[in-house]
Protein chains: 2
Amino acid sequence: MAAPPGRMPVMADVARAAGVSHQTVSRVLNGHPNVRAETQARVLAAIDELGYRPNSSARALVTRRTGVIGVVAVDTAHYGPARTLTGIEHAARAAGYYLSVVTLTEASAGQVREAMDHLARQSVEGYVVIAPQRSVLEGMPEWAGGSPVVAVEGGEARELPVVCVDQEGGARMAVRHLLELGHRTVGHIAGPRDWLEAESRVAGWRGALEEAGAPVGEPLFGDWRPRSGYELVRSLVERDALPTALFVANDQMAVGALRALAEAGVRVPEDVSVVGFDDVPEAAYYSPPLTTVAQDFTEVGRRGIGILLDLLDSGEPAAESAAREVVPARMVVRASCGAPAR
Amino acid sequence: MAAPPGRMPVMADVARAAGVSHQTVSRVLNGHPNVRAETQARVLAAIDELGYRPNSSARALVTRRTGVIGVVAVDTAHYGPARTLTGIEHAARAAGYYLSVVTLTEASAGQVREAMDHLARQSVEGYVVIAPQRSVLEGMPEWAGGSPVVAVEGGEARELPVVCVDQEGGARMAVRHLLELGHRTVGHIAGPRDWLEAESRVAGWRGALEEAGAPVGEPLFGDWRPRSGYELVRSLVERDALPTALFVANDQMAVGALRALAEAGVRVPEDVSVVGFDDVPEAAYYSPPLTTVAQDFTEVGRRGIGILLDLLDSGEPAAESAAREVVPARMVVRASCGAPAR
DNA sequence: GGAGACATTGTTAGCGCTAACATTCCCCCC
DNA sequence: GGGGGGAATGTTAGCGCTAACAATGTCTCC
């Protein structure tokens with residue numbers, strides 16, 4: 001009746017302790033109807049007493065469901081992906097799923113493929129890929145081997161269900177805000193070329209300018225890091241090509257931009273207005289506090305899991321449905337923008 | 001010989017295709033010696049042709065090893081934990097392990113316990129806990145149910161193997177740096193009271209001051225967020241209690257502090273010197289660029305997995321060994337510090 | 001040429017669980 | 001009072017894999 005010698009208790013031990021068959025224990029564990037309340041209580045007491053834990057491998061073997069979702073995350077050291085991961089994790093856990101995470105140092109197709117391979121060996125039931133690069137999304141459905149895949153922050157990939165923030169809308173809001181303040185046009189420090197988010201932000205910037213009949217210059221492409229924002233703005237200053245307003249594709253590059261402007265003796269917002277993107281927690285405390293576009297990363301993660309679970313439940317073989325959910329962006333106005341000098 | 005109808009191929013299908021027994025297939029898969037090269041080639045060809053993948057649940061059921069490591073992470077949205085997670089993930093994957101991650105919104109004992117429970121249901125082989133709070137570490141070994149646990153960034157927990165950055169040493173370096181510049185003493189904006197890292201940084205700060213015979217004031221306790229740095233420094237300014245040098249326990253609060261100083265018309269570094277902690281990527285581009293203490297989070301993650309794998313290999317039942325590894329911190333000098341005004 | 005050693009392969013028996021079917025028991029109603 | 005029906009439980013047969021042992025074949029050396 002006590003704990004068995006040495007080894008962990010198994011279902012049969014519980015059954016013996018409770019004086020029932022192992023199948024009845026299984027029924028209690030899985031919440032089947034047609035178990036007498038008194039029997040159930042006895043089984044639960046035995047489980048508790050022995051400290052029994054069901055063996056997940058044995059269950060997975062027979063049910064053919066591991067309850068594990070694979071997550072491929074590009075660079076969780078950045079604010080956005082890290083928050084998205086948190087959203088995904090909470091939603092998955094709330095639904096009773098486990099999360100197996102692979103992080104990539106570099107968003108190459110090869111690394112993504114290898115990551116998905118790794119996850120496949122663990123028999124994940126589906127994938128969530130935080131993969132904001134075009135090149136990464138292309139081979140995706142094929143690598144998943146028929147399991148459902150949801151891309152998160154993946155722009156408008158056609159073959160895949162996708163959840164993303166309305167990057168283009170957010171960029172439009174930012175640029176409109178600057179135009180409304182009276183700026184003749186707005187320069188753009190963009191993210192890297194291959195990134196879908198960067199592309200959408202460029203499109204929003206361009207769209208808002210064209211809509212207003214404002215001149216559209218060439219965007220400058222950075223790499224998301226503060227250093228590139230710094231260097232690109234420095235080059236603008238040196239070429240004497242600084243516009244009165246700058247839309248920078250993320251807050252990190254915006255910090256670099258602010259720094260370059262400060263070093264050049266350019267005042268923000270008196271001489272140049274700056275808008276960022278992301279609304280990192282520090283943004284309110286930069287010098288000056290940064291006007292930016294906030295994204296609800298947690299919501300993005302939650303919806304990604306929502307779509308994936310729907311796909312798993314419906315037994316949809318792959319990306320047939322191609323759901324696409326767009327989470328709105330939100331403008332956060334702070335002190336880094338003003339009317340242009342006369 | 002072709003793929004079996006409908007279902008995924010299993011080992012027996014491969015065996016049939018290759019004209020061997022399923023056991024020989026198993027031997028090839030597990031790299032056993034004593035398989036003829038020609039046989040191995042035939043098996044591999046069959047595996048490839050059928051697109052066979054071993055079933056991880058079946059293997060785990062018989063080997064009693066899932067190959068999964070559970071990670072409990074507190075707030076991966078912060079820079080440090082996110083980077084540490086990346087380090088852990090890479091090290092684990094390189095060793096052939098899978099990572100199951102749970103993130104907590106709040107570092108309460110209850111949440112940690114629940115997280116470890118969740119992971120236990122998945123039969124993880126061991127745990128890595130990124131848990132920098134004292135309260136969280138106390139019940140840990142018990143919750144792990146005999147599986148090995150390694151605490152990462154967990155200060156000097158006694159009952160647990162631990163990997164951490166030399167917080168105290170880092171803090172000492174920061175304070176010494178300021179004293180060497182000629183400051184009579186150094187004020188401290190600390191992290192939350194319950195956090196071990198915060199405690200160690202306070203200890204380092206206090207130690208360096210006492211060593212130099214400098215007066216030791218009361219540290220002010222923030223919550224790691226920019227806002228608290230801002231408000232605490234504002235309160236110092238209002239009480240006219242601003243020292244000539246400030247050691248702020250993390251870069252985020254330091255940004256808030258810089259902002260408060262700027263608003264009060266206090267120049268950095270001319271009037272007040274500031275040192276942060278973490279060396280976030282933006283630190284070099286703050287106004288002014290922030291002198292800070294860098295931590296090698298990736299290395300911390302790697303060593304955490306290293307210890308855990310040793311524990312798993314040695315079959316050590318629990319935290320008997322109580323290894324403790326300390327990763328040195330590194331001072332990064334930028335423009336936010338200078339000699340005090342006469 | 002035969003004994004022994006060793007390399008190579010096959011056979012069998014579970015790992016701990018759930019699904020499917022079988023059995024028992026009890027109650028109700030004609 | 002017997003038969004039908006459903007609730008409650010038990011029995012059996014795998015899920016796909018590896019470990020242990022058994023059975024070959026092959027080589028060496030005296």
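A note on names: the letters A, B, ... follow the listed sequences, proteins ahead of strands, and every chain is numbered from 1.
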Quiz question: by atom type and distance under 3.5 Å, do the side chains of [X] and [Y] form a donor-acceptor pair?
| X | Y | result |
| --- | --- | --- |
| S56(A) | Q122(B) | no |
| N55(A) | R64(B) | no |
| T105(B) | Q111(B) | yes |

> How sharply is the helix from dG1(C)-dC30(D) to dC30(C)-dG1(D) bent, taking the axes over five pairs at either end and rounding to 10 degrees?
Replying inline: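 Comparing the first five pairs with the last five, the axes sit 50° apart.
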> Does the side-chain contact (heavy atoms from CB on, under 4.5 Å) test come out yes or no for N30(A) and S26(A), once each step is laid out?
Replying inline: CA-CA 6 Å; N30(A) 292 290; S26(A) 170; 3.4 Å; yes
> OH of Y52(B) to CE of M11(B): how many Å apart, nearest 0.5 Å?
Replying inline: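 One gets 3.5 Å once the value is rounded to the nearest 0.5 Å.
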> Hey, what do you get for CD1 (I88(B)) to OG1 (T103(A)), rounding to the nearest 0.5 Å?
Replying inline: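 With rounding to 0.5 Å, CD1 (I88(B)) is 10.0 Å from OG1 (T103(A)).
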> Does H22(B) or L61(B) map to a spot on DNA chain C nearer the 5' end, using the closest nucleotide for each?
Replying inline: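 Residue closer to the 5' terminus by nearest nucleotide: H22(B).
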> So which one's nearest nucleotide on DNA chain C is more toward 5', R59(A) or N34(B)?
Replying inline: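 The 5'-side residue here is N34(B).
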> Is any NZ, NE, NH1 or NH2 atom of the basic residue among D117(A) and R113(A) found under 4.0 Å from an Asp or Glu carboxylate oxygen of the other?
Replying inline: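 So D117(A) does not pair with R113(A) through a salt bridge.
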Integer-rounded Å distance: [N] [atom2] and [X] [atom1]:
| X | N | atom1 | atom2 | result |
| --- | --- | --- | --- | --- |
| Q40(B) | dT9(C) | CD | P | 10 Å |
| M11(B) | dG10(C) | CE | P | 13 Å |
| N30(B) | dT9(C) | CG | C1' | 16 Å |

>> Let me spell it out: for each of A12(B) and R36(A), pick the nucleotide of DNA chain D with the closest heavy atom. Which residue's pick is nearer the 5' end?
In response: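 Taking each residue's closest nucleotide, the earlier one in sequence belongs to R36(A).
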> Distance check: side-chain N/O of T24(B) vs OP1/OP2 of dG10(C), anything under 4.0 Å?
Replying inline: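 Yes, such a contact exists.
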Just call it for [X]: base, sugar-phosphate, or nothing, with non-hydrogen atoms closer than 4.0 Å on any strand.
| X | value |
| --- | --- |
| T39(A) | sugar-phosphate |
| R27(A) | base |
| P33(A) | nothing |

> Within the distance-only criterion (no hydrogens, no angle test), does the side chain of E325(A) pair as donor or acceptor with the backbone N or O of V163(A) below 3.5 angstrom?
Replying inline: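 It does not hold such a pair.
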> Considering residues at least two apart in sequence or located in another chain, which fulfil the side-chain hydrogen bond (donor to acceptor under 3.5 Å, both in side chains) criterion with H118(A)?
Replying inline: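 Partners of H118(A) by the side-chain hydrogen bond (donor to acceptor under 3.5 Å, both in side chains) criterion come out as none, since no residue qualifies.
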> Contact boundaries of DNA chain D with chain A (under 4.0 Å, heavy atoms), 5' to 3'?
Replying inline: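 Both ends considered, the range comes out as dA8(D) to dG16(D).
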